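These values consider heavy atoms only, across backbone and side chains, with no hydrogens, waters or symmetry-generated copies. Here the structure is a predicted model, which means the values were calculated and not measured.
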Amino acid sequence: QVQLVESGGGLVQAGGSLRLSCVASGNIFRSNAMSWHRQAPGKQRELVAAITSGGNTNYADSAKGRFTISRDNAKNTVYLQMNSLKPEDTAVYYCACQRCKVLGILGANDYWGRGTQVTVSS
């Protein structure tokens, strides 16, 4: 099976920090780009940050300067360091591998974790 497991969410006051982790199962190739998305109640899911296998990154405007995406390919784990959190960052955060190549599966598919809740209080 293909699995992405997020952790690190929780309740934090505005201005605080959290670090999210996403552990990818071993059959997900480390050459894949990985990304973080979030979805607030009543809103569509949006891209927060993405990182390629080579370390190139992209961020949503709302995340630039506050969030940092990184990865440890040896552990097949991607991280999202979130600083200076705001109440509007409150959402379920999802880890994704899009156009994802997996050992033993032909072609490419999108895979999503179950999400981790981040709540920022004022």
Revision key, fill the gap. dist C100:SG -> F29:CZ (nearest 0.5 Å) comes out at 9.5 Å

Point to revise | Partners passing salt bridge (Lys or Arg N to Asp or Glu O under 4.0 Å) against D110 (at least two apart in sequence or in another chain) | key: none

Exercise for review: Return each pair, listed once, that meets side-chain hydrogen bond (donor to acceptor under 3.5 Å, both in side chains) where at least one residue sits in residues 4-17; pairs must be two or more places apart or across chains.
Suggested key: S17-N83

Point to revise | Co-members of the apolar cluster containing L106 [side chain, <4.5 Å] | key: none

Point to revise | Residues forming a salt bridge (Lys or Arg N to Asp or Glu O under 4.0 Å) with K64, sequence neighbours excluded | key: D61

Exercise for review: Provide the closest heavy-atom pair for S21 versus T77 in the form atom of the first, atom of the second, distance.
Suggested key: CB-CG2, 4.5 Å

Review point. Between R71 and Y79, is NZ or CZ placed under 6.0 angstrom from the six-membered ring centre and within 45° of the ring axis?
Key: no

Practice item. Determine yes or no for a side-chain-to-main-chain donor-acceptor pair under 3.5 angstrom, with N32 supplying the side chain and K101 the backbone. Key: yes

Check your understanding: Which value, rounded to the nearest 0.5 Å, describes the distance between Q81 atom CD and R19 atom CZ?
Key -> 6.5 Å

Point to revise | Polar side-chain atom of T90 near backbone of T119 as donor-acceptor pair, under 3.5 Å | key: no

Practice item. Hey, could you give me the CD/CZ distance between Q117 and R38, rounded to the nearest 0.5 Å? Key: 12.0 Å

Practice item. Could you pull out all residues at least two apart from R114 that satisfy salt bridge (Lys or Arg N to Asp or Glu O under 4.0 Å)? Key: none

Check your understanding: Under 3.5 Å, side chain of N76 to main-chain N/O of N73, donor-acceptor pair present?
Key -> no

Check your understanding: Side-chain contact, heavy-atom cut-off 4.5 Å: D89 with R66?
Key -> yes

Study note, to complete from the structure: Of all heavy-atom pairs linking S35 and Q98, the shortest is OG-OE1, 3.9 Å

Practice item. Quick one: closest heavy-atom pair of A14 and S122, and the distance? Key: CB-CA, 4.5 Å

Review point. Could you state the interatomic distance from SG (C97) to CD (Q3), rounded to the nearest 0.5 Å?
Key: 13.5 Å

**Study point:** Fellow cluster residues of V78, listed by chain then number, with links counted only when side-chain atoms sit under 4.5 Å apart
**Key:** V2, L4, V12, L18, L20, I28, M34, W36, V48, I51, Y59, F67, I69, L80, M82, L85, Y93, V102, I105, Y111, V118, V120

